[in-house]
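Structure first, then comments.
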Amino acid sequence: MLLFGRLFLKAERLSSIDIACHSVQHSKGFAAAMAEALEKLEKQKHIANEERIVAETSVNEMKKLKQKLKRRKWVNWETEDERKSTEAKRAAIDPSVEKIKRKKCAILLGYSGANYYGMQRNPGMDTIEEELFKALLKHKWISLDAYGQAQVACFQRAARTDKGVSAARQVCSLKLPESLDIKAFNKDLPEQIRLFAVERVTKGFNAKGQCDARTYTYTMPSIAFADFEANANYESFRLPTEQLQKAKEILQKFEGTKNFHNFTSRKNYFDPSSKRFIMSFICSDPFLSPQNIEFVTVKVKGQSFMLHQIRKMVGLTIAIVRGHTGVPTLNKALSEERIDLPMAPGLGLVLDTVHYERYNERYGEDGIHNPLTWKNHEPEIQQFVEQKILANIYETEYKEKPLLNWLDTLPLHSYDVRNGENPPSSEDKSNKDENEE
């Protein structure tokens, strides 16, 4: 029994020693695996670091190469197609024109609108700008690119006059060379168009955007203000003082900020751009033309005008003075209702002056720029206006009598709310907010 107990204890000890040895062997295997994994991870990091260094070195070398090559003018990083396209464009442009240094200028123009389809260029139409740009290109004042696209020369007109409308002092801004021969330039313009002066302006000057106000005149035979029942004679008529005073009083009613949606086309009463500020609206005393016909001239100054606005204001004034309708029609025309109003012919309308008071106050006395008042050129302007603009108005009215014929249509208007016509929606943007008389 004692022997059996000793054998049992010996067996138990041997089992404990075996378990301990197995545990030691297991611990040694795990440590080896961990050491192997760590070594492998370290190698991967080393390889990645070497690859990064190689990539950075390659990029830096490429940058240095490009910087070095870009210093050489014969290197072109464009694709072959881009290079050929660029060369073709350059070949189409006169190199001598492109090398000319140009600076922003304001030009003063005068023109008779007769036989022209307005100021703005219009493909296939005879316009003032088309004649102007032809002369600009011929004298190399602008490049070929600028002739095709006016914005290349930063061209902008102060006002866009309509068909048949003239201008005594139209202003445009564009980039021009420093050396200009205005006398030679005018020889390549039609007699109805004249360039009076060029003034250097600030780099950011815009003939339309920096214009404070515009003044228009409308010259017409004084018989326009005769009572329609008077059966007046066209050639011998002389305007009575009371009729002239009546006309002046009606014109004054347009002054101030009013809603002129009825005095243009496709404008809604609630469109903010329908509101315009009229600074003054006056009428001259009667005077005789060379044909011994009595004329008057109305003059209106405003911040800006819409398409046909002045001609409709003149038309309604004539209708009220002649007795076809009354002042309540004018009040109604300035309200929300859509009213049928007459529009006077375009012949007598002239853009008289473009005003730049704020620009002149800020830059006119800075010692670098001159004020845009053009006072030194006034004798030449007046001569052109008399010979080319007013002479055409007088002669056309005497021979063709367009205003007298138009007076016969005044009784055909209702001067009341238009029937069967939907007012334009506020989303109708076809009539742009621009001076378009």
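As the structure is a computational prediction, the values presented were derived from the model and not from experiment.
- Residues Tyr394 and Ile389 are not in side-chain contact: their nearest non-hydrogen atoms beyond the backbone lie 4.5 Å or more apart.
- Trp406 places a side-chain heavy atom less than 4.5 Å from the side chain of Pro342.
- In this structure, the separation between CG on Asn122 and CD on Glu130 is 9.5 Å, given to the nearest 0.5 Å.
- Rounding to the nearest 0.5 Å gives a distance of 13.5 Å between NZ of Lys275 and NZ of Lys267.
- Heavy-atom minimum distance, Pro402 versus Glu397: CD-OE1, 3.4 Å.
- Lys332 and Asp416 are joined by a salt bridge, as a carboxylate oxygen and a charged side-chain nitrogen come within less than 4.0 angstrom of each other.
- With 3.5 Å as the limit, one finds a donor-acceptor pair spanning the side chains of Ser222 and Glu294.
- Atom CG in Asn206 sits 5.0 Å away from atom CD in Gln156 (nearest 0.5 Å).
- Side-chain contact annotation: Asp340 with His413, donor-acceptor N/O pair under 3.5 Å present.
- Looking only at distances, no side-chain donor or acceptor of Asn259 sits under 3.5 Å from a matching main-chain atom of Ser335.
- Taking the ring axis of Phe133 as reference, the NZ or CZ atom of Arg121 stays within 45° of it and closer than 6.0 Å to the ring centre.
- Scanning for ring-ring contact (aromatic ring centres under 6.0 Å, His included) contacts around Phe228 gives His324, with sequence neighbours left out.
- Nearest heavy-atom pair across Gln243 and Val321 is NE2-O, 3.5 Å.
- At most 12 non-hydrogen atoms from other residues, nucleotides or ligands lie less than 6.0 angstrom from CG of Asn115.
- Taken from CZ in Arg322 to CG in Leu410, the straight-line distance is 6.5 Å, to the nearest 0.5 Å.
- For the pair Ile393 and Thr219, the tightest heavy-atom approach, listed with the atom from each and the gap, is CG2-O, 4.0 Å.
- Here the straight-line distance linking atom CG of Leu390 with atom OG of Ser112 works out to 10.0 Å at 0.5 Å rounding.
- Using a 4.5 Å heavy-atom cutoff, the side chains of Phe155 and Glu129 are in contact.
- Using modelled atom types, one finds a donor on one side chain and an acceptor on the other under 3.5 Å when comparing Ser304 with Arg276.
- For Asp145 and Ser143, the side-chain atoms include no donor-acceptor pair closer than 3.5 Å.
- Smallest separation of non-hydrogen atoms from Cys283 and Leu251: CB-CD1, 3.8 Å.
- Ring pair Tyr356/Phe205: centre-to-centre distance below 6.0 Å.
- By the 4.0 Å N-to-carboxylate-O rule, Asp285 lies close enough to Lys248 to be salt-bridged with it.
- Between the side chains of His261 and Asn268, no donor-acceptor pair of N or O atoms lies under 3.5 Å.
- Taking the centre and axis of the six-membered ring of Phe287, the NZ or CZ atom of Arg238 falls outside the cone set by 45° and 6.0 Å.
- Annotation: Phe384 is not in aromatic contact with Tyr111 [ring centroid separation under 6.0 Å not met].
- A salt bridge is defined here as a Lys NZ or Arg NE, NH1 or NH2 lying under 4.0 Å from an Asp or Glu carboxylate O, and Lys101 with Glu178 fails to meet this definition.
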Inset, instruction - Go through Leu403 and Met220 one step at a time and tell me if the side-chain contact (heavy atoms from CB on, under 4.5 Å) criterion holds. - result: CA-CA 7 Å; Leu403 187 123; Met220 56 187 162; 3.8 Å; yes

Legend entry - Criterion side-chain contact (heavy atoms from CB on, under 4.5 Å) on His369 and Thr202, from CA distance to verdict: CA-CA 8 Å; His369 308 93; Thr202 58; 3.7 Å; yes

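- Judged by distance alone, with hydrogens and angles left aside, the side-chain atoms of Lys104 form a donor-acceptor pair with the main-chain N or O of Lys203 at under 3.5 Å.
- With contacts defined as side-chain heavy-atom distances shorter than 4.5 Å, the pair Thr215/Lys299 qualifies.
- Aromatic ring orientation, Phe260 versus Phe263: perpendicular (interplanar angle above 60°, classes split at 30° and 60°).
- Pairing each heavy atom of Cys211 with each of Val354, the nearest pair is SG-CG1, 3.3 Å.
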Could you give the side-chain donor-acceptor pairs of residues 370-380 under 3.5 Å, partners two or more places apart or in another chain?
residue, atom, partner, partner atom, Å
Asn370, ND2, Glu199, OE1, 3.1
Glu378, OE2, Arg169, NH2, 2.4
Glu378, OE2, Gln382, NE2, 3.1

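- For the pair Arg214/Gln303, no side-chain contact is recorded, criterion being any heavy-atom separation below 4.5 Å from C-beta on.
- Electrostatic pairing of Glu395 and Lys399 counts as a salt bridge here, judged by a charged N lying under 4.0 Å from a carboxylate O.
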Inset, instruction - Kindly indicate, with the supporting measurements, whether the criterion side-chain contact (heavy atoms from CB on, under 4.5 Å) is fulfilled by Asp162 and Leu307. - result: CA-CA 8 Å; Asp162 202 4; Leu307 179 67; 4.1 Å; yes

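- Using a 4.0 Å cut-off between charged nitrogen and carboxylate oxygen, Arg52 and Glu56 count as a salt-bridge pair.
- Although no hydrogens or angles enter the test, the distance criterion places no donor-acceptor pair under 3.5 Å between the side chain of Asn392 and the main chain of Ala114.
- Under the side-chain contact (heavy atoms from CB on, under 4.5 Å) rule, Val171 has a single partner from Thr353, Leu108, Ile107, Leu109, which is Leu108.
- No donor-acceptor contact under 3.5 angstrom links the side chains of His46 and Glu42, judged on distance only.
- Cys105 places none of its side-chain heavy atoms less than 4.5 Å from the side chain of Trp141.
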Legend entry - side-chain contact (heavy atoms from CB on, under 4.5 Å) between Leu316 and Thr329, worked out: CA-CA 9 Å; Leu316 179 57; Thr329 300; 4.1 Å; yes

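- The shortest side-chain heavy-atom distance between Tyr216 and Val350 does not fall under the 4.5 Å cut-off.
- Within a 6.0 Å sphere centred on CG of Asn49, heavy atoms belonging to other residues, nucleotides or ligands number more than 12.
- At least one side-chain heavy atom of Arg194 sits under 4.5 Å from a side-chain heavy atom of Asn186.
- When all heavy atoms of Ile250 and Leu330 are compared, the pair lying nearest together is O-CD2, 4.3 Å.
- Note: Tyr398 OH to Phe295 CZ = 11.5 Å, rounded to the nearest 0.5 Å.
- A donor-acceptor distance shorter than 3.5 angstrom exists from the side chain of Lys258 to the backbone of Glu255, with no hydrogens or angles considered.
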